[in-house]
Amino acid sequence: MTEPLLRIRDLRVDVQGAHALAGVDLDVAPGAAVGVVGESGCGKTMTALAVLGLLPPGGRVLGGSMSFAGVDLRTANLESLRGNEIGMVFQDPLTSLNPTMTIGAQVAEPLLLHREVSRREAWRTAEEALGLVGLPQPAERMRSYPHQLSGGMRQRVAIATALVCRPKLLIADEPTTALDVTTQHQILELIDDLRRQLGMALVLVTHDLGVVAERVDEVAVMYAGRVVERARTAELFNHPRHRYTEALLAALPERSARDLRAIPGMPPTLTEELAGCPFAPRCAHTTDQCRDERPALTGDERHAWACFHPAPPVPTTVVTQPVPEPVGEQVLLELDSVSKDFPLATRPLLGGLTGSVSAVAGVSLSIRRGEIFGLVGESGCGKTTVGRLVVGLEQPSSGQIRFDGKDIATLSRAERKPHRRRVQLVFQDSAAAMDPRMRVGAILREPLAIQGIGDRREQRRRVAELLAEVGLPEQAVHRYPHEFSGGQRQRLGLARALALRPDLLVADEPVSALDVSVQAQILNLLRRLRAEHALTYLFVSHDLAVVRHLADTVGVMYLGKLVEVGPVREVYREPRHPYTRLLLDSLPSAGAHRSSTAPGGEPPSAARPPSGCRFRTRCPRAEAVCAEVEPPLTTDGGRQVACHFPG
Amino acid sequence: MTRFLIRRTLQALVVLLLVTVIVFALLHALPGGPARAILGPRASLPQIEQFNHDQGFDQPLPVQYLSYLWHLLGGDLGQSYRLNQPVLDLLAQRIPKTLVLTCSATLLAVAVAVPLGVLQAVRRGRFTDHLLTGLSFLAYATPAFFLGLVLIILFAQTWPLLPAEAPQSAGLGGVFAGFGGLLLPICTLAAGMIAAFSRYLRSSVLDNLTEDYVRTARSKGQSERRVLVRHVLRNALIPVVTLLGMYLPALFGGTVVVESLFNYPGTGLLFWSAAQSSDFPVLLGVTLVVAAATVLGSLLADLVYALLDPRIRTVR
């Protein structure tokens, strides 16, 4: 192996008393692409920040070595390396650009700092860089401010800023996590292209195994502040050796069958020094040796792991599709050309309304009792509004919502209260939707008290029952919502929703904020609860893999319209609407085969949707008729699609 | 932008009209009234009635108000009872002096508070921060009249460096010639502002330092100083500008105290003596000017806000 460009040995970092990094080893060869993956808190971002000396307040390098191109990073003048030899791209493009500086000034800044160039030259080079990252009309964009660009465009600007000095190494920390799936695909392709074009090395930090799967040469898996496994990418996905990697891959919804193999428990808190393997408390293969001794990375250059009892080198489970649960024929929820218009924001400087936007524009769908209906689409497509309409948080502008055969708009006051019991909502961060000053016991009892169910003693018993059902200890009633971890918060949210024994649960991105291993626990719980309580779900998500795993039926939304509906298995195997195909092609998938068609463009504004078919501006099949006639949602053999030229 | 300005001006006019109504009603609800104040306690009842008839005070209040308004539209703010001068002339003479005082105090406050606030934020939790925080609270909690007295005792009596009285000349030239006499009033007026602004800026800078864009700025390889000046300061100043606009009325309240204390013949002193002698036309005139200044101040704050923050500027 050639001399590595970046070489990290036994790096130890403390952040406010927590051992964020407990001995990280990592090599990046010149021009190579290395993925660093792991769940939140595993230290992947800290590793990246430590390289640039950008640790958060309270962060301190305790020991170990870091060198970049032969320079010791612990003693080097990092200011001369940052933005010059090493570029960095951060997660959230909405917040990582200075809101009060023009794009041009921000992209040109590293040049002015590190290169002896005039302002004019810097400006010109910055403009070139914007062109390089595919920003349309770079010359005009130079004078724009960040808020005038979409998230994807801002991330392109951030990448241009990182690359403008042609660094030898680009560190990208979750560069696409805040973006929609089609935009994510574009940005990943862009980084790929630029890396080859400029011959730079790449460290891609991500929680998403799918993102690294076909993008990098080598993957390092981190857990509890250490690299526990490192291998060539294909080798890692096909033959994981460390038990954690093995378990993590098995917990991916796109990889497994019926029940996900969730990893029990949670990653260790990093405040205590761990004697043995940090994964030992959650591992199915733990022995005394694991608890007492710390395993070192063993293996060769191609593949190394830090595990005493590695998985045998055989292929892991093949992808199998879930078999749908038997679903009843009775329709529980029916939407009949439901629309919801929102007034556009008033102009703060001028006043007055300027029109309205149809967040939901004529959506019809029906959900049968016991069904899990997955509603997917990119941000702003109206899927969340559909959920809010169904639970009655919003009133439709037109159209009918029928629950159990009754139009919910015509319910009398007396009928409304029992109706509310039957439809409940689960949020993305359920605990954030709870009163932070109420204890869990009071939170869970509140719906029972409001609906006047049972006396205090019965209510308490019911609360205990609910906690047991979602797998939380009984003592949880005395604690406050913020004391729980992400997965536990979601369990709480489910317990609260279940308190009134609803028929329909509307779950809005319930697992989006969770790590893979915890996500699997919640998905399994959702599935179990449905079976035990004959629940029906409207499952709103941007994550196609999760919907494929959980749902029976999937509905795809684009700019307020439902463009395709059908049984999950058929839609994923053979999408008929070109937008569905685009979504599926963009989906990063660990191990699955990916087509290389780069999706075009960004969704237009819902305030001014294109005429005719709303997708036509991005559609490869679009013809003249698509601009004139809006395709209706037509049924064909159990599947519905709204396209003039369905595939 | 033009439409925005027109709208705001119309709004301002409505506000001013409401101010006249309220002040007019309040003044006339006061016991005693100008006749007693001007003619003295020994004036007989017929004399008072004669005065009230001459001034039109025996007419119904709405009629009096409309008559005042009518004159106001003609640019006539009335005649001071006590000084026997047109209110307009009095204001024209006094306002520039108060402006010299308040503008100097504001400039001083901003010039001191900005570096102080940034320093506190950068040294957060260390000795400098604690010391400055303590001093800020002290300055903020000290009433202006007390601070003024302390300053007079220290710098005019113990160490006679500065005069205890502000310049008395009628013209602005004299004021600038004797600017040394204004230093104590300016400092008295600025102390509270420095405390308020630096505290505000401190938390604003701290908020901004944790923002992602600051990390991005660091990742470009800039020095910490450059990050602060080029990136953080502008963003941190945005909320402070709003505070400045809102501070204007309080500033006038300060001038009433400070001008009386240092016997500076500005608008504040005019207001104070007019209030003591129920000099209605003067009170109304000053109130109108202050109200107009307040409205103008918040308008200016909005404009500067838009200048600093492009997200406000380009909303369409």
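Order of the sequence lines fixes the chain letters, A, B, ..., with proteins taken first and strands second; residue numbering starts at 1 for each chain. This is a predicted model, so every value here is computed, not measured.
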Using every non-hydrogen atom in the two residues, find where [X] and [Y] come nearest and quote the distance to one decimal.
X: B:Arg230; Y: A:Asn98; value: O-ND2, 4.4 Å
X: A:Glu79; Y: B:Glu224; value: OE2-N, 4.0 Å
X: A:Pro99; Y: B:Pro310; value: O-CG, 3.1 Å

Bottom line for B:Leu209: the part with an atom under 4.5 Å from chain A's heavy atoms is neither
Looking at [X], I'd like to know if its [atom1] atom is crowded, meaning that more than 12 non-hydrogen atoms belonging to other residues, nucleotides or ligands lie closer than 6.0 Å.
X: B:Tyr65; atom1: OH; result: yes
X: B:Arg124; atom1: CZ; result: no
X: A:Arg60; atom1: CZ; result: no

Student check: side-chain heavy atoms of [X] and [Y] closer than 4.5 Å:
X: A:Leu52; Y: B:Arg218; value: no
X: B:Ser219; Y: A:Phe90; value: yes
X: A:Gln106; Y: B:Lys220; value: yes

Of B:Thr216, B:Val232, B:Thr210, B:Val214, the largest count of non-hydrogen pairs under 4.5 angstrom with chain A goes to B:Thr216
Interface check, chain A: of B:Glu211, B:Arg215, B:Arg226, most non-hydrogen pairs under 4.5 Å belong to B:Arg215
Measuring heavy-atom distances to chain B, does [X] have an atom under 4.5 Å in its side chain, in its backbone, in both, or in neither?
X: A:Leu94; result: neither
X: A:Leu97; result: backbone
X: A:Thr100; result: both

Q. Under 3.5 Å, is there a donor-acceptor pair linking the side chains of A:Glu109 and B:His231?
A. yes
Checklist entry - Under 3.5 Å, is there a donor-acceptor pair between the B:Asp212 and A:Thr95 side chains? => result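 Result is yes, a qualifying pair exists.
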Answer key: most heavy-atom pairs under 4.5 Å with chain B among A:Gln91, A:Met101, A:Met88 is A:Met101
With chain B, the option among A:Thr102, A:Val89, A:Leu113 that has the most non-hydrogen atom pairs under 4.5 Å is A:Leu113
